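First up is the structure itself, then whatever we jot down about it.
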Amino acid sequence: MGSGEPDVDVLVIGAGITGIYQLYEAREAGFSAVLLEAGDGVGGTWFWNRYPGARFDSESYTYGYLFSRELFEEWEWTEHFAGQPEIERYLNHVVDRFDLRRDIRLGSRVAAATYDDGRWTVRTTAGDAIETRFLVAATGVLSVPFLPDVPNRDAFSGTQLHTGLWPAEPVELAGKRVAIVGTGSSGVQLVPAILDEVASLTVYQRTANWCTPLNNSPITAEEQARLRADFAEIKQILDTSLAGFLHPPGDRKTADDPPDERQAFYEEMWARPGFGKIVSHYLDLTFDEDANAQWCEFVAAKIRAIVHDPEVAAQLIPDDHRFGEKRPPFVTGYFEAFNDPKVSLVDLKKTPILSLTEDGIETVEGVRELDVIVWATGFDFGTGALARIDLRGRDGRALSEAWRDGPTTYLGLQTAGFPNFFFPGGPHAAAGNNPRYNGDQVDFVTDLMVAARDRGAAAVEVTAESEDAWTAMIDRAARRPPSFTEKSYYFGTNVPGKPRKYLLNAAGRPKLLELFAASKADDYRPFRFSAK
Ligand code: NA7
């Protein structure tokens with residue numbers, strides 16, 4: 001190793017929304033680039049999560065790319081919150097529109113990557129090796145499905161599926177007795193989507209979630225025209241907003257409205273699309289316990305009004321966390337589904353799963369016979385994908401070793417001791433609408449690679465001091481409201497044995513943008529450029 005030029009300047013891992021953009025940006029910056037993708041198609045999250053009902057809960061036009069006005073104008077999303085098939089079509093369109101496919105190798109899973117002397121040698125599970133100057137892991141935060149350790153998993157003779165690994169070929173659910181384990185964003189989307197076709201549906205719920213309506217609708221021709229005309233303004237708002245949404249921020253606190261106006265405001269929020277009901281809510285919603293409790297009571301009353309059986313309604317109302325303490329799911333017809341006699345709810349806190357049997361799921365109440373079990377049990381969030389690659393930086397140090405107690409990063413995109421290695425969209429980055437801050441990171445990573453090239457430096461690496469400062473700030477900020485709490489998988493809580501470390505960017509997107517700008521203005525002082 002180390003002699004001659006590497007095979008490529010930039011190797012990107014993962015053809016999700018971040019990786020596709022990174023490939024585009026690397027090429028625009030004049031780098032030779034290749035992208036390795038484990039799946040048989042592009043789309044990342046939107047390739048793998050093809051379960052019925054999978055869809056955006058950010059507005060489609062705020063989630064898609066903004067780097068090309070032509071792309072924005074020519075692609076017509078059909079719904080304010082597009083479904084998975086349309087999203088997958090969009091990402092394929094982008095790849096073709098910008099001629100990216102020639103540099104994408106599908107079915108190519110990266111097993112290992114080793115740094116030495118200003119370059120990375122990347123090895124695939126098929127045994128191929130590629131040398132690259134820069135390595136960008138756009139491997140995502142929700143890309144490694146988590147399966148709970150249930151006794152006798154293999155004893156079940158029916159079909160088992162995970163929402164995050166849904167097969168490309170149609171899954172026969174018609175007339176089947178189906179169980180869904182897990183009631184996070186995926187589970188609650190799936191329930192109403194398959195209700196009509198199945199013979200019975202049993203929902204295994206460990207924790208009830210604060211679900212509120214998505215309020216999706218088709219985009220009218222008039223709205224399409226307005227979106228096109230407003231591109232510059234939309235981009236400006238999205239590029240400067242706190243969390244990457246178009247929704248206007250709230251402007252008053254709960255107590256500023258008298259009780260009757262407050263009820264009217266809550267109704268207005270309930271009718272808002274998607275994250276509008278958080279972004280545009282009372283300012284103290286997630287800061288003030290009493291303000292939060294009042295909204296929770298409003299949502300609970302809605303659930304009681306929708307669900308006919310009071311006992312079932314009570315089970316569907318969270319009793320162990322505030323609104324916003326965990327990532328709130330958005331739903332279409334979820335609570336209504338429980339009025340269908342073929343749907344039943346099992347409370348896993350009262351009746352935990354004991355094991356699988358040949359015929360179904362066994363709890364203390366006996367065996368429920370099933371044909372299909374869907375695990376909607378989430379992901380090894382944040383670090384899962386990187387942990388599964390044998391990454392070795394300077395002196396052969398393994399990333400898994402460096403991150404034994406949780407990730408340490410600078411701006412959620414690089415870690416000391418791993419030169420020329422970047423992970424936009426990874427741990428310590430997430431701050432709202434994913435593609436917006438991931439895109440910010442890709443822009444910065446590309447600038448940094450260009451800066452290294454311009455200086456004739458073979459290696460660029462964040463200093464330990466910069467990394468320590470950012471990581472300490474994340475850990476500190478994670479303890480302050482209105483952050484998610486340790487009940488959230490954002491702390492790794494759902495995966496046994498995982499360090500309890502905050503995996504989002506608790507400082508938010510403005511801080512990220514501020515430090516990108518400061519770093520550039522300061523000649524990239526948080527980084528060290530070197531000959532190897
Ligand atoms: P989530 O939000 O992590 O939800 C996973 C669900 O699975 C949740 O209800 C969990 O209950 C449940 N779960 C997890 N482990 C178990 C075990 N061991 N037994 C029973 N139930 C379990 O994943 P999703 O796929 O729904 O959503 C992921 C993201 O996609 C979401 O945040 C959005 O960004 C889109 P728990 O609440 O932990 O008690």
Side-chain angles (χ1 to χ4, degrees), residues 16-17 44-46 48-58 63 81 83-84 87 140-151 153 161-166 179-191 193 202-211 214 243-244 274-275 278 315-316 318-322 324-331 334 345-356 361-363 373-382 384 425 429-435 437-438 484-498 500 503-504:
I17 197 140
T45 285
W46 303 106
W48 297 106
N49 287 267
R50 51 181 70 243
Y51 60 86
R55 66 173 62 247
F56 283 153
D57 52 21
S58 299
Y63 197 99
F81 301 94
Q84 179 274 333
I87 304 165
V141 280
L142 290 161
S143 48
V144 177
F146 169 73
L147 273 176
D149 191 13
V150 174
R153 174 186 304 292
L161 301 160
H162 190 288
T163 47
L165 275 179
W166 201 266
I180 298 177
V181 185
T183 51
S185 298
S186 304
V188 301
Q189 283 186 332
L190 180 64
V191 166
T202 312
V203 179
Y204 290 81
Q205 169 189 277
R206 186 166 70 178
T207 311
N209 261 314
W210 289 111
C211 302
L214 180 63
F275 279 92
I278 298 172
Q315 281 178 18
L316 289 168
D319 61 2
D320 68 341
H321 67 284
R322 294 178 285 118
E325 232 180 307
K326 299 170 98 172
R327 203 280 199 188
F330 298 100
V331 290
Y334 174 64
L345 182 62
V346 176
D347 181 344
L348 288 176
K349 283 192 176 136
K350 289 195 192 116
T351 50
I353 295 175
L354 298 178
S355 81
L356 296 198
I361 294 179
E362 182 178 9
T363 66
I373 300 173
V374 179
W375 300 97
T377 43
F379 299 86
D380 183 350
F381 180 81
N433 192 14
N434 285 347
Y437 62 79
N438 291 349
F484 299 94
T485 71
E486 286 201 27
K487 288 178 180 150
S488 166
Y489 69 80
Y490 290 146
F491 274 90
T493 316
N494 61 324
V495 178
K498 199 167 165 173
R500 296 283 175 271
L503 298 165
L504 306 188

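This is a predicted model, so every value here is computed, not measured. Counting starts at 1 for both ligands and their atoms, in listed order.
Applying the side-chain contact (heavy atoms from CB on, under 4.5 Å) criterion to Asn49, with sequence neighbours excluded, gives Thr45, Tyr51, Phe379. Scored by the side-chain contact (heavy atoms from CB on, under 4.5 Å) test, Pro318 finds Ala208, Trp210, His321 as partners (sequence neighbours excluded). For Leu316, the side-chain contact (heavy atoms from CB on, under 4.5 Å) partners are Gln205, Ile303, Val307, Val312, Tyr334, Phe335, Phe338, Leu345, not counting sequence neighbours.
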Q: Please test Asp57 against Arg327 for salt bridge (Lys or Arg N to Asp or Glu O under 4.0 Å), starting from the C-alpha separation and ending with a verdict.
A: CA-CA 12 Å; Asp57 52 21; Arg327 203 280 199 188; 2.7 Å; yes
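Of the options Phe81, Tyr63, Phe330, a ring-ring contact (aromatic ring centres under 6.0 Å, His included) to Phe56 is made by Tyr63 and by none of the others.
Closer than 4.0 angstrom to ligand 1 lie heavy atoms from Leu142, Phe146, Pro148, Gly182, Thr183, Gly184, Ser185, Ser186, Arg206, Thr207, Lys326, Arg327, Leu348, Ala376, Thr377, Gly378, Phe379, Tyr489.
Thr202 places no side-chain N or O within donor-acceptor distance of the main-chain N or O of Ala179, the cut-off being under 3.5 Å.
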